[in-house]
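Report on the following structure.
Start at 1 and go down the list; that is how both ligands and their atoms are numbered. Scope of the values below: all heavy atoms of this structure, side chains included, with no hydrogens, waters or symmetry mates.
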Amino acid sequence: MKSGGDTRMRTRAGRYLAGPRLRLPAHRASSATLAGAYPFLTAGPCDLGVPVGLDALTGAPFCFDPWALYGSGELTNPNVLLAGVIGQGKSSLAKSIAMRSITAGRSVYVPGDPKGEWAPVAQAVGGTVLRLGPGQSTRLNPLDVTAGTDSHGPRVRLLAAVAALTLHRELGAAEHGALDAALALAERQRPVPTLAAVLEALVTPDARASHDDHVRVEDRKLEGREVSHGLRRLVRGDLAGFFDGPTTERLDPSAPIVVLDLSLFGSDEDALALAMTCGSAWLEGTLAGSALPRWVVYDEAWRVLRHVPLVRRMQSQWKLSRAHGIANLMVLHRLSDLDAIGHRGSEARALAEGLLADCSTRVIYRQEADQLAGTAALLGLTRPEQDLLPVLPRGTGLWKMPRRTHVVHHLLHPLEADVVDTDAAMRDDTNQRTGGWSG
Ligand SMILES: Nc1ncnc2c1ncn2[C@@H]1O[C@H](COP(=O)(O)OP(=O)(O)OP(=O)(O)O)[C@@H](O)[C@H]1O
Ligand SMILES: [Mg+2]
């Protein structure tokens, strides 16, 4: 593009008048660079949905609602990836989008809150917090799938995922067979079986069912041996008492937000992954009948991405997101968190890449210098966008959507600021908030 050329003005009749001559030197630059200098080259306002903050380039309000934007053709799917270094305001953004979306008639579900920081959000909007872990009386039966649906399939997939997580390997075909038969036996005993009943059925298989499957009962016992060791962790091991009996909670499917607080599991990554797998299976079954479009927020998702069975479950949920009116929001530190799941070419890596591909909105907060090239390559960032990433201030992010890019400063309302505050422990003066919108 070039400036400093012809300055004549055209009259209505189409003739030219000589205008005042601007004595500017010609200037050449790429369209990408000039897009920063010429506001008319920036994307038009994004004004569909709930307010998020201000477009840092135009000063216009920036709004977002994946359902409305999907409906208008701006997005190819409703899922969102949010990445940024520690303390930049990722969770704050997720929480204020959640709260604002609730006022617009959406609901929210947080299938695993490892830091216990979503409880204030649920309290602020009259939602539900289920706190699981040592010292709590809450017990969820993950096999408690809502009546009327095909319950055997989801139950056996859940049990296979739990066994694969505890054994740190995939199950073989014979092990799947043993698990399937044990679940069928437990289901014959009572309509909503428990993990303890499935474990019992693995250890003492049904002779008649084995005979019908052309398997000797001793062989079936052997085939189910390691699987039963895997499941035992949730029945008699360190996770006993959380998922191995009838459910103690009744959930209102119309609750604006449901949070599964897993902070009591601390830094035990295996326990967190297992609790998230069982807890989310129960919640998905319970909330299946709710008609409201729902955000499903995976805050701190990087902590569970190493567990392939869990990522596989996440991905199958994501594939159904449009059919069920669900928008998933996955929070990471950096895109290379996705590499941690497996080496290039592996099934695990393909799952992680699939998750990224299924997020048509990518919000990138500040990134460390060593992440820039990889992030730019994965997301197709222009050079100026890439240069922006290491200098983005707290609360400001690059929003990449299929047909538009915005730099957005997220504005917190003082009422929200207290709810999203995770810095209290770092301050002496926790009560110095003032009115107005904080920028
Ligand atoms: N837009 C904003 N304006 C003002 N303060 C903000 C904004 N966003 C976040 N903060 C403040 O920054 C602090 C850190 O925010 P937050 O916990 O959301 O960061 P994070 O990126 O999720 O961190 P972590 O990676 O540790 O989870 C919070 O106390 C919050 O109040
Ligand atoms: Mg956070």
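- Of the heavy atoms in R394, only side-chain atoms (C-beta onward) come closer than 4.0 Å to ligand 1.
- Taking 4.0 Å as the cut-off, K115 counts as a neighbour of ligand 1 on heavy-atom distance.
- Ligand 1 places these atoms under 4.0 Å from at least one heavy atom of T422: 13 (C), 14 (C), 15 (O), 16 (P), 17 (O), 28 (C), 29 (O).
- Summarising the geometry, atom CZ belonging to R362 is positioned 9.5 Å from atom CE belonging to M330; distances are rounded to the nearest 0.5 Å.
- The option from G53, P393, S92 that lies nearest to atom 16 (P) of ligand 1, judged by heavy atoms, is S92.
- Counting backbone and side-chain atoms alike, S91 contributes an N/O/S atom closer than 2.8 Å to the Mg ion (ligand 2).
- Of all atoms in ligand 1, numbered sequentially from 1 with element shown, those under 4.0 Å from a heavy atom of E300 are 27 (O).
- Residue G395 has at least one heavy-atom neighbour below 4.0 Å for each of these atoms of ligand 1: 1 (N).
- Put simply, no part of G84 is less than 4.0 Å from ligand 1, judged by heavy atoms.
- Where the criterion is an N or O separation shorter than 3.5 Å, residue side chain and backbone included, G89 meets it with respect to ligand 1.
- For a threshold of 3.5 Å applied to N or O pairs, the pair formed by H410 and ligand 1 contains at least one separation below that value.
- With hydrogens and angles disregarded, no donor-acceptor distance shorter than 3.5 Å links the side chain of Q123 to the backbone of W118.
- Using a cutoff of 4.0 Å between basic side-chain nitrogens and carboxylate oxygens, R394 and D423 are scored as salt-bridged.
- Comment: E416 does not engage K95 in a salt bridge, judged by the lack of any side-chain N to carboxylate O separation of less than 4.0 angstrom.
- For the pair D337 (side chain) and R334 (backbone), a donor-acceptor distance under 3.5 Å is present.
- Residue G87 has at least one nitrogen or oxygen atom sitting less than 3.5 Å from a nitrogen or oxygen atom of ligand 1, judged on distance alone.
- A donor and an acceptor atom, one from each side chain of R155 and H152, are nowhere located under 3.5 Å apart.
- Between R236 and D244 there is no salt bridge, since none of the side-chain N atoms of the basic residue sits less than 4.0 Å from a carboxylate O of the acidic one.
- A donor-acceptor contact shorter than 3.5 Å is absent between the side chain of W318 and the backbone of L355.
- The contact set between ligand 1 and H333, taken as ligand atoms under 4.0 Å from a residue heavy atom, comprises 25 (O).
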